[in-house]
Amino acid sequence: MQPGHRQVFVVERLLVSTALEQSWNDAEPILFLGEWCRLHSRRDRWSKLDAIVLPYHWDENEKLLSDREFLASLYEELLVEVADELNVLHGTDKSRRYWRILLGPWLSFFIQTLFDRWSSIQQAIRTHEVSRTIILSGCEDTNTPGNMEDFLHLGNSLNWNHYLYGRILKDFTNIPCSIRIPEGIDYLSSSGSLTHDRNPPRVLESKLRLANIFSKCSSRLTKSTDYLIINTGLRSLRDELVLQLRLGQIPRLITVEPPVTVAIDNTYRCWTLDASEQTGFAFCVRRLIPEQMPTIYLEGYQRLCDESSRRRWPRSPKAIFTGASHYYDDVFKAWCAERTEEGAPLVIAQHGGHVGTAWSFTHDHEMAIADRFLSWGWTDPAESKVVPVGMLKAPTLPGGDGNKRHRALLVTSNIGLQSSSIGSHMLSSQYLGYLEDQFAFVEALSSVVRDALTVRLSVEESGWEFEHRWRDRCPSMTLETGQRQIMDLVAEARVVISTTNGTTFLETIFVDVPTVVYWDTSRWAVLESARPYIEALKTVGIFHDDVESAAMHLSRIWGDVEGWWSDGAVVDAVASFKRRYCSDPGDVHDTLRTVLRCVAGDGPPTN
């Protein structure tokens, strides 16, 4: 060692990929792959370890945008390759659009999911000395998913993610892997899943049972050329029935039912995607797609087709109209893909916020498969498919005494521990930064507003244990955990504070409730076309890109919120934004009838 130079000792660390503690070793220095490894309820355990946490690779916005282009291009390549293989395997000659409709959602989500895990591991290898990793065998969720819904459930499962990380580490890196048989996981469910609804909707289950009975009876009167109306995102099931009456057909309700469960048969898994000239992630994903593809698209494909054919749905529909089934409902997707092969047009309705103001892979998929996309008001000069029809769900406030509006309502959001699809929104461990923003906002409020604040938490818990975090940080805060409908809370609020570029602030603006909005623009970047409208909201104090600014503004107007909201400049900014992103559809049934009849060739052009 040269004089004057200090010797540097690099600490080798055990790489830990998930919160499954049997893959840890307290006696070794640890490198946690991300914050998802450190469950809030287990902080007494992990806080005592010699451990560091790897920064999240998509914290760099430039990398996110670059990866978006790479993944979009790779998805299109793989869709062609997978479609060719499945046509051979199943003895079919289906178009690329057919396969895009049927398995495109899974393929795009899996590519993004795998790339996220791959990138975290590669970052760990580049930036740290990794001694080894411990891979658990025999986890309950290491099985191949059965269908799209099953895949989404597994995406937030500790066991399945541990398995996926393990496959990458063992088969695609040089990191030494120690195999350990776990003795059980006593602080989680047997599946290791962290996603659950904290307030199961029993009333909804009863309504769905009644809808099922009604649907079976009315299906006997369905004509082969009827429009297929399913899961549209309209305000109520009644609206779907009225729409069908306006279209001149016997109304029926079509409920979402899971497809058949099919066991793995390795004879369907012998095919491969050519990876001979591929390296890195492109090689990895081609190796794992045949293994991880849901059984419903391989072993169960023929049964899926048979099941969709048995449904008493129109054989030659004039048009197909949905707002959500094109993602998660495999039976519908199989039926829809077949009908579009025969020429039936597919109409997709905007289901929530973010669309039109920001980018996401999910919306890219919608635009790729739809013949028409019905927006809540916005248009796209570069895309003739977009038809502005207004906010189809058209929320309403329940009746009540306006004098009781004495609360401030802070509406929060939630995401999974691990990313499954990217977009201009928070991802994975960025949720903790989002949560810190909420705590900072509350702290910056005047005591008067803070005492009047209700915090609405997400109904679904996905592993971040946000309710516990809120109670630890703000023990005296009034928390609403999803027991009441959001619009009931909005009706009692003097002002609503929205914290994401999502649906909430579009709904409150639509119903003309005073609204303050803030989000981190480095995470929730908006499209160039949306910036003038967001800037106009910012000028009048509705939108803020800084939590302290939002808190100071709310504290300042609290004594006369209505006076601020009725100011001429505020009214003008709200009206302009509303026309663009959450406009009034008028008679929503007649509006949709006109659009659908036009798409079907039964009416005048909509553009």
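We count residues from 1, following the sequence as given.
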- Test side-chain hydrogen bond (donor to acceptor under 3.5 Å, both in side chains) on S119 and Y56 and set out the steps. CA-CA 9 Å; S119 296; Y56 189 46; over 6 Å; no
- Note on the structure: Sequence neighbours excluded, the answer for side-chain contact (heavy atoms from CB on, under 4.5 Å) partners of E341 is K94, S95, Y98
- Are any of the side-chain heavy atoms of H365 and H363 separated by less than 4.5 Å? no
- Query: Taking the six-membered ring for Trp, are the ring centroids of F115 and F70 within less than 6.0 Å of each other?
  - Reply: yes
- Query: Are there more than 12 heavy atoms of other residues, nucleotides or ligands under 6.0 Å from atom CD of Q485?
  - Reply: no
- Taking only Lys NZ, Arg NE, NH1 and NH2, and the carboxylate oxygens of Asp or Glu, determine whether E77 and R286 approach each other closer than 4.0 Å. yes
- Message: Looking at R484, I want to see if its CZ is surrounded by more than 12 non-hydrogen atoms of other residues, nucleotides or ligands under 6.0 Å.
- Response: yes
- Item | Option from T591, T232, L592 for which side-chain contact (heavy atoms from CB on, under 4.5 Å) with L374 holds | L592
- Task: Answer whether the closest heavy-atom distance between the side chains of K318 and P345 falls below 4.5 Å.
- Result: no
- Any residue meeting side-chain contact (heavy atoms from CB on, under 4.5 Å) with S420, in chain and number order, not counting sequence neighbours: F109, T113
- Message: Before we go on, tell me: are the rings of Y301 and W99 under 6.0 Å apart, centre to centre?
- Response: yes
- Item | Ion pair check, R311 and D306, cut-off under 4.0 Å | no
- Taking the six-membered ring where the residue is Trp, are the ring centres of F321 and Y227 under 6.0 Å apart? no
- Item | E149, CD: over 12 other non-hydrogen atoms inside 6.0 angstrom | no
- Would you say the side chain of T92 lies within less than 4.5 Å of the side chain of L86, judging by non-hydrogen atoms? no
- Query: Looking at E366 and K385, does any basic side-chain N land under 4.0 Å from a carboxylate oxygen?
  - Reply: no
- Are R593 and D590 within salt-bridge range, i.e. N to O under 4.0 Å? yes
- Item | Enclosure of E69 CD (heavy-atom neighbours >12, cutoff 6.0 Å) | no
- Message: Is the shortest side-chain heavy-atom distance between Y581 and W376 below 4.5 Å?
- Response: no
- Query: Under 4.0 Å between a Lys/Arg side-chain N and an Asp/Glu carboxylate O for R315 and E342?
  - Reply: yes
- Using atom types as modelled and distance alone, determine if a side-chain donor or acceptor of S462 lies under 3.5 Å from a backbone N or O of I415. yes
- Message: Between the side chains of R96 and D84, is the shortest nitrogen-to-carboxylate-oxygen separation below 4.0 Å, so that they form an ion pair?
- Response: no
